[in-house]
Amino acid sequence: ECGRNPLLGPTLIPPIFVKVLFLLQVCPILDRGENNTYACCSIKQLTSLETSLTLSKVVLIRCPSCAENFAHLHCITTCSPNQSQTVKVTKVMNVTYLGREKEAVVGYQAFINASFAEGAFQSCKNVRIPATGGFAVGTMCGRYGAKLCTAQRWYDFQGDSSNGLAPLDIDFRLLKEGDTTVLPEGVIPYSGTALKCNETTPSGGQVCSCQDCQESCPIVPPPPPPSDPLRLFGVDGFFIISVILFCLLVLAFLVFLIVSFMLRSKQRKSEEKHKTKCKDQNSNDVTQQVIYPSEVTCTDRISLAAHSFLSLLFQRWGTFIASYPLTVSGFFLFLTLNSVKQSVHFISIELTTDPVELWSAPSSRARKEKDFHDTYFDPFFRTNQVILTAPGRQGHIYNSLLFGQQNFSGLVSKDLVIQLLELQKRIQNIEFWSDDLNSTASLKDVCFAPLNPSNPSLTDCAVNSLPQYFQNSLDNINAKVNMTELGVTKEVDWRDHLIYCLSSPLSFKDITDLGMSCMADYGAPVFPFLAVGGYENDDYTNAEAFILTFSLNNYARDNPKFKVAMQWEKEFLRIVQEYQKDPACNFTFAYMAERSLEDEINRTTAEDIPIFMISYAVIFVYIAVALGEYSSWKRILVDSKVLVGLGGILVVGCSVLASMGFYSWIGIPSSLVILQVVPFLVLAVGADNIFIFVLEYQRDVRRPGEKREEQIGRVLGNVAPSMLLCSLSESVCFFLGALSTMPAVRTFALYAALAVVMDFVLQMTAFVALLSLDARRQDSNRCELLCCVTVSTQRPNKPNEGFLRPLMRKYYAPVLLNCYVRIIVMFVFIFAFCGCLFLMFHVKVGLDQELAMPKDSYMLVYFEYLYKYFEVGVPVYFVTRKGYNFTSVEGMNGVCSSVGCDQFSLTQKIQYATDYPDRSYLAIPANSWVDDFIDWLNPGSKCCRLYTIGPNTGKFCSANEREDYPLCVTTHFITTFSAPLLAVWAYGVLRPSVEDFNRFLPDFLGNRPDLKCAKGGLGAYDTAVVRDESGEIIASRFMAYHIPLTNSQEYTAALKTARELAHNITLGMRNISGTSPDFEVFPYTVTYVYYEQYLTIVPEGLFNISMCLLPTFLVCCLLLGLDLCSGLLNLFTIIMIVVDTVGVMTLWGIDYNAVALINLVTAVGISVEFVSHMTRSFALSTKPTHAERAMEATANMGSAVFAGVAMTNLPGILVLALAKAQLIQMFFFRLNLVITLLGMAHGLIFLPVLLSYFGPGVNKAVLLQLQQAKSKASKELETRSNVGPTYDNMSYEDSETKKGQRL
């Protein structure tokens, strides 16, 4: 028999027909045609060769030319008739076979032309493993991995019997053309022709796909780079626009000044002809314009009629309420307490804390995609992770027998690996009593076990760590053995095994004499980026961090096991925290559990509640003190307004609780954001109205014969229209803001709108009644809180202007409205507006998750470690919906990426994207169950076999069965023995029929991968394919990996590019026949649902703010009697406040997000308080010039706004600086402080100046009414000239004049 021993020389025997079929299956390269095909090997040798090649073909068969090149050389050295010219036997040994001792070859040298070897290597170096996204040569190049693999290293691994794959030792000598220096006598280097990966094979195999062969790739243009920011003339375009806008506004203002000065000069003489001299209340000569009825316009009449109607309505209402204070107070107290009761009841049930519910609308695309994914696939597993480092430890260089000198960091040391294993086992052995299971629970009850999900043991749980390379065995870590390599004997230990496994994590046996597997104890590989971090250029042993990850099943919240998982995570955190405090711990580490984010947010919320309480207490103290009159130390307990201030706070609190109670009752839950923001907003609105009402009452003097209740009604009639203007504007603003698609923004707007309405209603009822009771007490000289105690000192019979009003009238307003100061103010605010407009275009959009954590949270350290040490980002799934025919040949080709597949298939397009990770944010291509299923079906893989005899006839037979087991046969042998067809099938070109696809897919998905069949789908794909009852695939997914993403901007960009890629894939797959027109591919990862909002938050914010600005303009115009000018000035000032707020956000590092948007909507509401009162006061003033009217409005209303809005908010806001939560400090302290200060600056500085230039003219209807009232009063005085005054008080005329001035 030929070839039994190469030392005996070649004796050729033509093989019989059966042998030819087998030979052509294994070595088609030896086919020389009929009657001319010879081989120098036995059937046993050929069978052994087939077994060895099968193990490699499983991963190489995706590329036919690579698989043929791989088999080519081994067929030449094993079965070629001319093998003796290529090989030199170097080692033989005596073996006993069939009772006879024979000499057998166990090692030889093979001399190969370097060009052939390099060509074969080049055809294989890019072949992918779909399940992992890595390269096949990474598992076939030993310690070098895919990155450092060369042709010589590749063949060295193939010839190394210590790896458990090579049957004997083969020393491959690659020689360059003409190099004969090391050739033995008579040996001729084999110089066959290696197929290129983009060439077809002689046996009929097609060219390799683009994913496995770069030469096969079509010319694909790179994705467009990110759009550059707008630039004009080489400078930031927004800066140029802002400068141009500033110049235009300044120029327009200067032109206005010049033109207005010229017009005033011309009109001055004509105006003096129509003026008459009269006396004011201080008997000073003033010039006042005489108004004739014909001069009064329709707009003026409408404005006066609106004001008179509202004033009369509120006057009567106020008089009625003040007349029955106890009844009204009791009635509303009952309603409010009932609302509070309902509110507390519903809040305890409906308080929303789930961030998905808060920030992602149920109708949003990301939410629908998440629901689809979680419905058909298991939700993303729960991650519990520890990242460990050992800074300061000295590293060392290890001189390995097999791998040469290797750098080991101070972290990667035996003692620390053992400590890591001890920590891992301590966590794995967690046990606790579970009331939900009514038994002792452990990790196996909740863990993610991909290879045994139905009944997992503790070793089936997916735990990824470095000790898994040693199967979590201390004995394996301590194992040592002497090994001889190239004549050198040296000890090999855990370091050699680790070096190998980090480069070849899919190996079932290392290449050392230790002979240990690299697979984890739960049966899957642990890729290096999941075990270590902080390395460069795949220098894994020099890593700076260990990564220990426990994965749990993500159960629904209503599943009893959800609580078990939460309890296990609680125990996990306890053990890790105890370990961290252990003095014997040599690690510095960070950790997190899936529950950590929610736990830390809840913790900081609870800890910051006292801060909010202190904030409200400070506001209450200020209101109580600021509302007092304090005319005398003896009357301080009488004139104080502690109860009035408390009543005002209660009105605000009750309005908020009533709003929350109502919405909870109708099923709209509240949230922590509402609890934190709405009270501040309503307090700003309510306190402002309270101050305006109370201060106006204190400044007013009761008229002769007027009752207390009538005075309260009259005062309310004066100020309530202004209060209505602000409250109505804000409530309509917020109701329109509820059109937002963001749940948190929508809910906030609804709660705030109703709270503002309720606040106004309670102020018009309960607070008026409370003020009436307090006025009755004060008139009786009774002390507050001690009502039975009276004082003898009488109340002064003159109005109490307080401190602010005289200060603003005498000093502030005259200085502010000085002609030169006004110009400076306009320039400064125009500059600030344009500058902030420029900054607004550069505000960052997003919310980094670190900001949700308190400053002392362990999660901040975890995030720091995560961004520093992780080398791969989150997995991303490309999910297919129902409507695609995977069973057709065209359908399979439109998805797969191996030989014969469409060059623009689903997985191939993802591969193209990973070539540009800086633009696509994809690092690792998608795995493909279709590719591995096709390879699994291929007879060459020996994976798909069936029982042919016995009770299981026709059923799937696992590759674990013995190869010579007669009952199991590869599926192809059941149907045909045709040699040509067999050869084509061997290289995976053909596709299964529809029947075979549906028949064998469940077997593939349930087949556990192992050394004999690495393509089994259990673990990798069993949850990636969902079929309905008819067998149709209604959902599937393909997993890729993002690059490490470190901030919300990168997360948002990754979502955007992934959607663009998925849309492109969808359009391509819809063109395949049989695809439904509504078929879709979409990307999904666990973070998309949070970051989708940032794709649309800018237009969403513009829409919401516009919806808030619109009612402020319309309501102002309507309530002021179609005063278009006042409405526009009001609107313009509020826009400036919002723009300046966003500009300052950029300067202060406050990102724009949904929380910021809520605050900006709030800013519109607070700005209304700062602006609208002043605008209305100016519009109704009857002073002769714009500047004087602005002075009067600033003195009268500005003081109330300053005391009521600015000084109410500021103390409470400043207290929030003490909060631990960064989110509160950033968005409630900083942003609210900015809003309040900018609102105060624009309302009390800019707006008076703006009104003095561009404000509406005097309402001539009001002037005419005053003239007529004065004329009537003069006639009455003449008839009563002999009658003395009844009261030592201000005259009715003066009071009316004062009233007109206030108006």
Side-chain angles (χ1 to χ4, degrees), residues 380-393 395 408-413 415-428 430 448 461-469 472 498 502 505 520 526-536 538-552 569 571-582 584-597 599-600 848-850 853 856-875 923 1041-1047 1086-1087:
F380 207 83
F381 50 77
R382 302 177 66 89
T383 300
N384 301 271
Q385 198 165 69
V386 186
I387 306 174
L388 306 99
T389 63
R393 285 178 61 102
F408 275 70
S409 67
L411 174 75
V412 187
S413 61
D415 61 324
L416 292 185
V417 172
I418 292 175
Q419 288 188 33
L420 175 62
L421 176 60
E422 291 173 350
L423 174 62
Q424 176 181 322
K425 287 189 174 181
R426 185 176 173 185
I427 296 173
Q428 282 180 299
I430 289 176
F448 173 64
C461 295
V463 179
N464 291 318
S465 66
L466 186 137
Q468 285 283 23
Y469 292 125
N472 298 327
L498 180 63
L502 288 171
V526 176
F527 298 105
F529 57 80
L530 297 177
V532 293
Y535 52 84
E536 294 182 1
D538 296 341
D539 188 8
Y540 302 119
T541 57
N542 209 22
E544 298 179 6
F546 290 148
I547 302 172
L548 174 60
T549 307
F550 294 84
S551 301
L552 308 185
E569 290 172 359
E571 293 296 314
F572 164 81
L573 291 174
R574 181 184 61 80
I575 288 178
V576 172
Q577 290 165 355
E578 289 178 355
Y579 184 76
Q580 191 176 39
K581 298 174 183 177
D582 188 351
C585 175
N586 293 316
F587 290 113
T588 300
F589 60 87
Y591 57 92
M592 65 84 69
E594 187 73 22
R595 63 177 293 163
S596 293
L597 278 173
D599 285 350
E600 288 297 278
D848 293 333
Q849 51 190 344
E850 299 93 321
M853 300 293 101
D856 61 348
S857 173
Y858 62 86
M859 287 297 294
L860 294 180
V861 182
Y862 172 77
F863 289 135
E864 179 186 349
Y865 277 46
L866 179 69
Y867 300 148
K868 183 177 181 180
Y869 296 118
F870 265 62
E871 303 297 330
V872 176
V874 294
Y1041 279 90
H1042 278 304
I1043 63 173
L1045 306 173
T1046 59
N1047 54 54
V1086 67
T1087 60

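- Nearest heavy-atom pair across Val526 and Tyr469 is O-OH, 2.6 Å.
- For Thr588, the side-chain hydrogen bond (donor to acceptor under 3.5 Å, both in side chains) test picks out no residue, with sequence neighbours left out.
- Using a 4.5 Å heavy-atom cutoff, the side chains of Arg393 and Ser413 are in contact.
- Contact annotation: the side chain of Arg426 approaches that of Ile575 to within less than 4.5 Å [non-hydrogen atoms, C-beta and beyond].
- Annotation: side chain of Tyr591 is not in contact with side chain of Asn384 (no heavy-atom distance under 4.5 Å).
- Contacts of Ser596 classified as side-chain hydrogen bond (donor to acceptor under 3.5 Å, both in side chains), with partners at least two apart in sequence or in another chain: Tyr858.
- In this view, Asp582 satisfies the salt bridge (Lys or Arg N to Asp or Glu O under 4.0 Å) rule with no residue, not counting sequence neighbours.
- The ring-ring contact (aromatic ring centres under 6.0 Å, His included) test applied to Phe587 returns no partner, not counting sequence neighbours.
- Distance check, rounded to the nearest 0.5 Å: CD of Gln580 to CG of Leu423 gives 11.0 Å.
- Residues passing the salt bridge (Lys or Arg N to Asp or Glu O under 4.0 Å) test with Arg574, sequence neighbours excluded: Glu571, Glu578.
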Go through the steps for Val1086 and Val874 under the test side chain to side chain contact (heavy atoms under 4.5 Å, CB included), then give the verdict.
CA-CA 8 Å; Val1086 67; Val874 294; 5.5 Å; no
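- Side-chain contact check for Ile427 versus Phe572: some heavy-atom pair is nearer than 4.5 Å.
- Across all non-hydrogen atoms, the minimal contact from Thr389 to Ala545 is CG2-CB, 3.9 Å.
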Run the numbers on Asn472 and Gln468 for side chain to side chain donor-acceptor pair (under 3.5 Å), then give the verdict.
CA-CA 5 Å; Asn472 298 327; Gln468 285 283 23; 3.2 Å; yes
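- For Phe546, there are no ring-ring contact (aromatic ring centres under 6.0 Å, His included) partners, not counting sequence neighbours.
- Shown here for Val417 and Pro467, the closest heavy-atom pair between the two residues is O-CG, 4.2 Å.
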Could you go step by step and tell me if Phe448 and Leu552 meet the side chain to side chain contact (heavy atoms under 4.5 Å, CB included) rule?
CA-CA 5 Å; Phe448 173 64; Leu552 308 185; 5.9 Å; no
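- Taking the ring-ring contact (aromatic ring centres under 6.0 Å, His included) definition, one finds that Phe870 meets it with nothing, sequence neighbours left out.
- For the residue pair Ser409 and Ala543, the shortest heavy atom distance occurs at OG-O, 2.6 Å.
- Listed by first then second residue, pairs satisfying salt bridge (Lys or Arg N to Asp or Glu O under 4.0 Å) with a partner in residues 382-391 read Arg382-Glu569, not counting sequence neighbours.
- The CD1 atom of Ile387 sits 12.5 Å away from the CD atom of Glu544 when rounded to the nearest 0.5 Å.
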For residues 860-867, run the donor-acceptor check on the side chains, cut-off 3.5 Å, and write out each pair with its distance to 0.1 Å, sequence neighbours left out.
unit_1	atom_1	unit_2	atom_2	d
Tyr862	OH	Gln385	OE1	2.7
Tyr867	OH	Gln849	NE2	3.4
Tyr867	OH	Glu850	OE2	3.4

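- In this structure, Ile547 and Val532 have side chains that are not in contact, with every pair of non-hydrogen atoms separated by 4.5 Å or more.
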Leu388 and Leu420: side chain to side chain contact (heavy atoms under 4.5 Å, CB included), yes or no, with the steps?
CA-CA 9 Å; Leu388 306 99; Leu420 175 62; 3.7 Å; yes
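- With sequence neighbours excluded, no residue forms a salt bridge (Lys or Arg N to Asp or Glu O under 4.0 Å) with Asp538.
- Within the 4.5 Å cutoff, the side chain of Leu548 has no heavy atoms near those of the Asn464 side chain.
- Annotation: the span from Phe527 atom CZ to Glu871 atom CD amounts to 16.0 Å, rounded to 0.5 Å.
- The side-chain heavy atoms of Pro528 and Leu502, taken from C-beta on, include a pair separated by under 4.5 Å.
- Side-chain atoms of Gln424 and Ser465 form a donor-acceptor pair, as typed in the model, at a separation below 3.5 Å.
- Considering only residues two or more places apart in sequence or on other chains, Ser857 meets the side-chain hydrogen bond (donor to acceptor under 3.5 Å, both in side chains) condition with Glu600.
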Taking it one step at a time, do Val412 and Asn542 satisfy side chain to side chain contact (heavy atoms under 4.5 Å, CB included)?
CA-CA 7 Å; Val412 187; Asn542 209 22; over 6 Å; no
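- Contact check for Leu466 versus Leu498: side-chain heavy atoms found under the 4.5 Å cut-off.
- Not counting sequence neighbours, the partners of Asp599 by the salt bridge (Lys or Arg N to Asp or Glu O under 4.0 Å) test are Arg595.
- Annotation: the span from Thr383 atom OG1 to Met592 atom CE amounts to 6.5 Å, rounded to 0.5 Å.
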